[in-house]
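Reviewing the structure listed below.
Letters go in sequence order (proteins before strands), and every chain restarts at 1. The analysis underlying the following values was restricted to heavy atoms, covering all of them including side chains, and did not include hydrogens, waters or symmetry mates.
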Amino acid sequence: MPDALNRMVVTPELNYDQLTLGEATLIQQQLRGHLRLEPFQKEIKTIAGADISLTLYSETVFAGLVILSYPELQPIACSLVQSSTIFPYVPGYLAFREIPAILKAYEQIPVKPDLIMFDGNGILHARRMGIASHFGVVTGAVTMGCAKKKLAGQYAEPGASKGEYANVTDKGEVIGYAVRTKENVKPVFISPGHQMSLEDSLAIALKCTGKHRLPEPTRYAHEYVNKFRTGEIKAGYHDLSSWKLF
DNA sequence: GCGACAG
DNA sequence: ATCTTGTCGC
């Protein structure tokens with residue numbers, strides 16, 4: 001891989017804006033070699049949800065992570081940061097558009113969460129390098145993905161009851177699951193990102209599921225970055241333990 | 001060439 | 001993703 005591209009992979013201040021899709025593909029193939037999907041061993045005490053909110057026709061992005069206690073799933077902190085991107089949304093290359101902003105928000109967190117759930121995929125991706133896997137390999141964080149729509153692979157519709165699921169396969173291998181997180185509601189697509197197994201991602205997703213279709217981490221992340229975009233919450237790192245007291 | 005296509 | 005009203009169901 002060319003030096004310039006290699007720097008893109010490991011540089012703290014990632015700048016993906018000038019990449020061509022061909023170069024982006026090379027980076028994904030390079031990162032794939034660093035994927036680790038061994039079972040997650042440690043005990044989970046905190047889990048974060050990561051997401052971004054956009055304004056139509058604007059390069060401004062509002063990124064953030066919300067950290068929840070686990071297994072209680074109560075929001076305890078959030079990190080919000082405003083950034084910009086010109087990298088377009090192209091299916092299969094979401095990471096290049098969103099990671100720079102989310103990375104800024106992540107670096108602003110004093111005590112990192114035990115794992116991060118992304119609004120997007122992990123290895124449920126044509127090159128097994130969705131945004132969750134990409135972020136995990138670049139930062140070394142434990143990550144997983146939760147997408148609202150299928151990006152790749154095939155699957156049989158899971159049963160209608162909450163908790164039922166079906167494998168999503170591609171080229172003969174299981175790359176994730178279509179999970180029914182709510183009765184009679186479209187499934188979400190779960191897959192490991194980095195430093196955890198397929199089974200881990202499924203188990204964690206189910207433990208993070210409450211009354212809604214989206215697991216609590218990504219549900220809160222979506223809610224907070226949206227409030228951030230509309231001005232209801234300011235940029236920065238916020239301790240939420242005090243907020244919800246009154 | 002045709003269909004699929006995270007946010 | 002975001003822009004939007006009503007509507008169906010628990």
Side-chain angles (χ1 to χ4, degrees), chain A residues 16-17 21 24-25 27-28 31-32 49-66 80 82-103 105 116-137 143-157 160-162 168-171 175-194 201 205 209-215 217-232:
Chain A
Y16 292 148
D17 287 345
L21 289 186
T25 301
I27 289 178
Q28 292 182 327
L31 293 176
R32 185 175 181 175
D51 192 19
I52 69 168
S53 183
L54 308 165
T55 299
L56 209 52
Y57 303 125
S58 169
E59 59 184 61
T60 302
V61 299
F62 298 84
L65 292 94
V66 177
L80 305 168
Q82 189 173 325
S83 186
S84 64
T85 328
I86 59 172
F87 197 99
Y89 165 65
V90 181
Y93 300 87
L94 179 66
F96 297 90
R97 177 172 169 75
E98 303 195 350
I99 281 186
I102 294 178
L103 189 55
I116 309 170
M117 182 183 287
F118 283 78
D119 192 342
N121 298 294
I123 65 171
L124 204 169
H125 180 281
R127 291 170 294 285
R128 311 293 182 266
M129 198 41 68
I131 186 170
S133 295
H134 189 135
F135 188 94
V137 171
T143 64
M144 63 179 282
C146 174
K148 298 181 289 300
K149 292 189 290 189
K150 192 199 75 172
L151 171 65
Q154 313 88 207
Y155 71 99
E157 201 62 31
S161 303
K162 173 177 179 175
V168 174
T169 60
D170 183 43
K171 298 172 183 173
I175 57 175
Y177 309 94
V179 183
R180 194 78 68 185
T181 50
K182 183 174 180 178
E183 201 85 12
N184 288 46
V185 168
K186 297 180 58 171
V188 293
F189 299 85
I190 302 298
S191 63
H194 188 54
S201 70
T209 299
K211 306 175 181 177
H212 311 270
R213 176 164 92 116
L214 294 186
T218 43
R219 192 175 72 78
Y220 273 115
H222 194 277
E223 179 184 323
Y224 278 71
V225 294
N226 225 30
K227 286 183 175 179
F228 174 36
R229 178 174 61 80
T230 59
E232 192 172 330

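Considering only residues two or more places apart in sequence or on other chains, A/K227 meets the side chain to side chain donor-acceptor pair (under 3.5 Å) condition with A/E223. Every side-chain contact (heavy atoms from CB on, under 4.5 Å) that A/L94 has, sequence neighbours left out, goes to A/Y89, A/E98, A/I131. Partners of A/Y93 according to the side chain to side chain donor-acceptor pair (under 3.5 Å) rule, which considers only residues two or more places apart in sequence or in another chain, are A/T25, A/R127. Remark: A/S53 pairs with A/N226, A/R229 by the side chain to side chain donor-acceptor pair (under 3.5 Å) rule, at least two apart or across chains. Partners of A/I86 by side-chain contact (heavy atoms from CB on, under 4.5 Å), not counting sequence neighbours, listed by chain and number: A/D17, A/Q18, A/E59. Partners of A/F228 according to the ring-ring contact (aromatic ring centres under 6.0 Å, His included) rule, which considers only residues two or more places apart in sequence or in another chain, are A/F62.
In DNA chain B, no stem built from three or more successive Watson-Crick or G-U pairs (distances below 3.5 Å) is found.
Summarising the geometry of A/I116 relative to A/F135, their closest heavy-atom pair is CD1-CE2, 3.7 Å, with the distance given to 0.1 Å. Minimum heavy-atom separation, A/V61 to A/S84: CG2-N, 3.9 Å. Closest approach of A/F96 to A/P100, counting heavy atoms only: O-CD, 3.9 Å. Between A/I123 and A/G193, the closest heavy-atom pair is CG2-O, 4.3 Å.
At a threshold of 4.0 angstrom between heavy atoms, the contacts of A/G92 include nucleobase atoms, whether or not backbone atoms are also involved. A/H134 comes within contact range of no nucleotide atom at all, as no heavy-atom separation falls under 4.0 Å. Among the atoms of the strands shown, base atoms are found under 4.0 Å from some heavy atom of A/Y93. Counting any heavy atom pair closer than 4.0 Å across all strands shown, A/I52 reaches no nucleic acid atom. Using a 4.0 Å heavy-atom cutoff across all strands shown, A/T55 reaches no nucleic acid atom at all. Residue A/D51 is in sugar-phosphate contact alone, with no base atom involved, counting any heavy-atom pair closer than 4.0 Å across all strands shown.
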Would you list the atom pairs, donor with acceptor, under 3.5 Å between side chains in residues 143-152 of chain A and any protein atom, with sequence neighbours excluded?
unit_1, atom_1, unit_2, atom_2, d
A/T143, OG1, A/A132, O, 2.6
A/T143, OG1, A/H194, N, 3.1
A/K148, NZ, A/D119, OD1, 2.8
A/K148, NZ, A/D119, OD2, 3.3
A/K150, NZ, A/G153, O, 2.7

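In the 5' to 3' direction, nucleotides of DNA chain C lying under 4.0 Å from heavy atoms of chain A begin and end at C/dA1 to C/dC3. Extent of DNA chain B lying under 4.0 Å from chain A heavy atoms, first and last nucleotide in 5' to 3' order, is B/dC5 to B/dG7.
Rounding to the nearest 0.5 Å places NE2 of A/H125 at 15.5 Å from CZ of A/F189.
Contact annotation: the side chain of A/I102 approaches that of A/L65 to within less than 4.5 Å [non-hydrogen atoms, C-beta and beyond].
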Please evaluate residues A/D170 and A/Q154 with respect to the criterion side-chain contact (heavy atoms from CB on, under 4.5 Å), reporting the C-alpha separation (whole Å), side-chain torsions for both, the decisive distance (0.1 Å), and the verdict.
CA-CA 7 Å; A/D170 183 43; A/Q154 313 88 207; 4.3 Å; yes
side-chain contact (heavy atoms from CB on, under 4.5 Å) between A/L214 and A/V188, worked out
CA-CA 7 Å; A/L214 294 186; A/V188 293; 4.2 Å; yes
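Looking at residues 119-127 of chain A, you'll see A/D119, A/G120, A/N121, A/H125 sit with a heavy atom under 4.0 Å from some atom of DNA chain B.
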Please convert DNA chain C into dot-bracket. A pair counts if it is Watson-Crick or G-U wobble with both distances under 3.5 Å; crossing pairs go in [ ] and bases paired with another strand get |.
..........
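For the side chain to side chain contact (heavy atoms under 4.5 Å, CB included) with A/R213, the lone residue among A/E183, A/R219, A/K162, A/K186 that qualifies is A/K186.
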